[in-house]
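None of the values given here were measured: they were computed from a predicted structure. Residue numbering restarts at 1 for every chain, and letters A, B, ... go by the order of the sequence lines.
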Amino acid sequence: MRRPGIAAAILLMTLLPSCGQVGKVPADTIRIAINSDIRGTNPGVDRDANTDSVLAHVVEGLVTYDEHLKIVPMLADTYSASDDGRSYTFHLRKEARFHNGAPVTSREVKWSWTRLLDPATRFQCRDWYDGSRGSKIVSIDTPDPRTVIFHLSQPNFMFLEQMANFQCVPAIIHPASVDASGRWLQAIGTGPYEIQTWQHGQYVLLKRFEGYRPRHEAKTGYGGAKIPYVHWLKWVVIPDPAAARAALLSGQIDLITAVQPADLNEIGTGRQVTVYRAFGLDWYAILLNGADPLLKDYRIRQAIAHAIDFSALARAGTEGTGRANPSAVPFASPYHSTAEDFGYRYDPSLARRLLKQAGYHGQPIILQANRRYQAMFDNAIIVQGMLRSAGFNIRLDVLEWGTQLANVPAGRFQLMSFGYTGRADPVFAYVGFLGAKTANPWMQWDDKPSEKLIADAAATRNSSGRQAILDALHGRMLAQTPILNLYNGAIIDVGTERLDGYRAWAEGSPRLWGVRLREGGS
Amino acid sequence: MIGYAAKKIAMTVPTLLIISIAVFALMRLIPGDPVLLMLGDTQDQKMIAAARHTLGIDQSFLVQYFLWIKAVLSLDLGRSIVTAEPVTDLILARFAVTAQVVLLAMAAALAIAVPAGLIAAQQRGRKTDRRLVFAAVLLMSVPSFWVGLLLILLFGVKLRWLPTIGYDGFSYLVLPATALAMAQTGTLLRMMRASASDVMAMEYVTHAYAKGLSDSAVLLRHVFKNAFTPTLSLVGWLLGTLLAGAAVIETVFTLPGLGRLLVDSIYARDYPVVQAIALFVACLYVALNLIIDLLYPFFDPRVRL
């Protein structure tokens with residue numbers, strides 16, 4: 001019996017050192033759960049939401065959005081636009097440094113932009129700047145080391161909003177980020193953290209950039225002072241939400257983001273955790289395929305709209321944390337006025353009358369949804385119930401996400417429960433679904449006058465004038481019913497008691513600068 | 001024996017060819033576009049077309065297949081569409097994690113199931129046997145992911161003894177291996193009990209007892225060796241299944257293993273990775289079966305290869 005005894009002793013000796021140490025990490029580390037690995041370290045090129053979130057701590061652009069979704073300078077000290085909207089001038093912060101210690105000068109800014117505009121770089125938003133969507137950057141002047149001037153081919157009053165866009169930040173990086181042949185090596189940016197380790201499929205470890213010189217303004221949105229109080233940020237890949245919640249409750253993770261409202265009950269708000277909430281920019285919608293033989297009838301689409309109780313749907317879909325938003329302009333936007341609150345009246349009897357007028361006699365209508373995004377599935381279930389009550393013959397078709405996504409540009413659907421990534425500026429929100437389907441198959445609302453309106457909104461610098469155009473656009477959308485906007489997803493992040501100074505915000509991505517760790521937390 | 005192994009390996013060539021065609025075709029038949037999933041919000045049609053061209057998925061099915069199989073024959077499994085990593089590196093790194101969990105689970109399961117099965121057979125019909133059979137049925141009936149969640153709640157959330165996410169050393173393997181081992185223990189115990197019961201009825205076992213040998217001596221020297229061969233076949237099959245399909249446990253415990261890679265790659269339509277894993281798993285099954293076949297003579301000298 002000696003051998004089994006020795007084996008058991010060895011096993012215990014191996015296990016014991018780890019026992020009782022779960023959650024005991026270096027005191028100066030914040031651990032954040034992400035539901036999938038980052039796609040790469042090349043900002044704006046290999047990207048998705050998680051990648052953008054992580055790299056937002058590593059790289060910066062010339063301008064960014066503040067907490068109220070207004071443009072503020074980031075690497076720029078000041079900026080100005082010419083009256084004709086054809087040239088933009090940026091004066092750089094003299095304190096700004098790259099992670100390798102080099103100062104940020106106009107030379108690196110021009111190099112970064114030249115690289116982004118090169119098709120070989122595969123910058124995902126290059127079409128915003130190369131003339132594909134109108135305006136083109138024709139030249140970048142650097143009259144002195146702290147001044148950069150962008151010259152555009154035609155007026156573009158959305159240039160700063162494009163530069164600040166969350167999804168495609170044109171990051172200013174040091175030329176040493178690539179090798180002599182232009183091959184990507186690593187992100188040598190200017191953010192408060194730098195990448196220490198990327199363990200593929202497991203975690204990304206960021207280290208505080210000791211040479212970071214924060215701005216003097218208070219922390220706001222992605223702008224202001226980005227003070228890296230904590231030494232290490234560890235972004236841990238946890239695909240399963242239940243596993244992420246367990247990791248939070250066992251002290252192995254400090255922060256989980258994008259928590260579903262229904263899961264808050266399981267976490268329990270009194271269990272040494274703090275819930276952070278904000279109104280998000282992402283929005284859920286029901287897509288109506290206007291090319292479908294049944295749905296091309298305006299009365300059928302209107303009947304669908306009047307058969308849905310949007311307020312009840314929003315309450316149910318967000319567990320009471322959100323409210324209906326019939327507009328593409330999010331609540332968090334300064335352009336969400338009372339006009340944007342105006343939506344379809346819940347009137348099932350009107351819906352029935354419209355159906356009768358349209359000659360609807362119970363033909364089946366398929367509503368597509370998926371289980372990857374629980375809110376889209378929940379919305380579909382509720383909408384199906386409401387439409388059935390109003391006399392529709394609605395069938396639910398639950399698809400795998402990749403399949404459903406491919407059906408959007410292919411037009412292979414009648415109704416679809418869908419969601420759009422939030423955009424800080426309403427113009428970007430509208431151009432995600434408003435346009436000629438022949439030019440872009442993703443478009444859901446093909447209406448020339450409305451396209452003209454959104455182009456006018458983009459070209460209008462005066463905020464009240466812009467507001468009037470957006471209000472008119474909302475009215476046209478309600479009248480034509482190309483899409484049914486439901487509500488903005490609630491941003492719900494949950495952190496342990498260790499976090500001090502953390503705040504959720506409309507954009508949804510966690511910001512770990514300006515956050516301290518309390519002593520004594522588990 | 002060498003001739004037998006060579007023949008077995010040669011027989012796998014047509015199997016691998018059929019698998020390669022089937023997986024390649026099935027992946028293309030699944031609706032969905034890897035470029036749309038990869039580029040996400042991007043609606044730039046030029047960029048989407050360029051990405052399709054770069055990946056070669058704008059070509060005909062046959063051209064795509066022949067280009068891929070030609071590369072595979074020169075041992076180039078390509079690069080992941082999602083991460084751009086070489087697929088070979090990706091699979092080997094992930095398989096290393098899966099192999100550790102699965103081998104640990106199998107070792108634990110065998111360490112419990114084999115003696116328990118022998119004892120149950122020896123005590124056949126008595127209280128101990130009934131208890132062991134009940135435990136085996138219970139273990140087989142409980143899904144391993146549910147066991148995993150319970151283990152997380154108890155040892156992770158409640159007691160905080162063991163880590164429940166990620167992979168950073170042996171302690172991270174304990175809970176997932178335990179969850180996997182439990183179901184296998186039940187299956188192996190029942191198989192061991194059944195085959196040991198047959199052996200116990202043999203005359204040479206009665207003869208051994210008549211010689212005055214102790215229970216443990218009879219079980220270990222005479223029953224175990226003769227009763228283990230069917231269990232060994234089952235071990236081979238279970239190992240193959242687990243090495244290729246521990247995705248659920250890997251997801252529950254956030255382990256970067258092969259199963260999770262396969263599931264993630266299917267969702268992302270990462271064609272090169274899915275195709276390579278299918279071939280890898282097929283080879284794995286062949287290798288495991290070969291090893292098990294080669295082990296038979298050790299336990300049963302009557303077997304000649």
Interatomic spacing from [atom1] in [X] to [atom2] in [Y] - rounded to 0.5 Å:
{"X": "B:L159", "Y": "A:S250", "atom1": "CG", "atom2": "OG", "result": "11.5 Å"}
{"X": "B:T164", "Y": "A:L249", "atom1": "OG1", "atom2": "CG", "result": "10.0 Å"}
{"X": "B:T254", "Y": "A:Q202", "atom1": "OG1", "atom2": "CD", "result": "10.0 Å"}

Closest non-hydrogen atom pair, B:G32 against A:A406: CA-CB, 3.7 Å
Minimum heavy-atom distance A:Q252-B:L162, with the two atoms named: NE2-O, 4.5 Å
[X], part contacting chain B, at a heavy-atom distance under 4.5 Å:
{"X": "A:P409", "result": "side chain"}
{"X": "A:I253", "result": "side chain"}
{"X": "A:R412", "result": "neither"}
{"X": "A:D130", "result": "side chain"}

Could you list the donor-acceptor pairs under 3.5 angstrom formed by side chains in residues 98-118 of chain B, with sequence neighbours left out?
from   : atom 1 : to     : atom 2 : distance (Å)
B:T98  : OG1    : B:R94  : O      : 3.3
B:T98  : OG1    : B:E250 : OE2    : 2.7
B:T98  : OG1    : B:L258 : N      : 2.7
B:Q100 : OE1    : B:Y167 : OH     : 2.9
B:Q100 : NE2    : B:A96  : O      : 3.3
B:Q100 : NE2    : B:Y167 : OH     : 2.8

Which residues share a salt bridge (charged side-chain N to carboxylate O under 4.0 Å, His left out) with A:D425, sequence neighbours left out: A:R466
Side chains of [X] and [Y]: closer than 4.5 Å at any heavy-atom pair?
{"X": "B:D168", "Y": "A:Q199", "result": "no"}
{"X": "B:L36", "Y": "A:W442", "result": "yes"}
{"X": "B:T83", "Y": "A:R39", "result": "no"}

Per-pair distances, 0.1 Å, donor-acceptor, side chain in residues 237-244 of chain A, under 3.5 Å, sequence neighbours excluded:
from   : atom 1 : to     : atom 2 : distance (Å)
A:D240 : OD2    : A:A243 : N      : 3.2

Counting only heavy atoms not in [X], do more than 12 sit closer than 6.0 Å to its [atom1] atom?
{"X": "A:K136", "atom1": "NZ", "answer": "no"}
{"X": "B:R28", "atom1": "CZ", "answer": "yes"}
{"X": "A:R122", "atom1": "CZ", "answer": "no"}

Residues from residues 260-268 of chain B approaching chain A under 4.5 Å (heavy atoms): B:R260, B:Y267
Chain A contacts, top residue of B:I152, B:V82, B:D33 (heavy-atom pairs, under 4.5 Å): B:V82
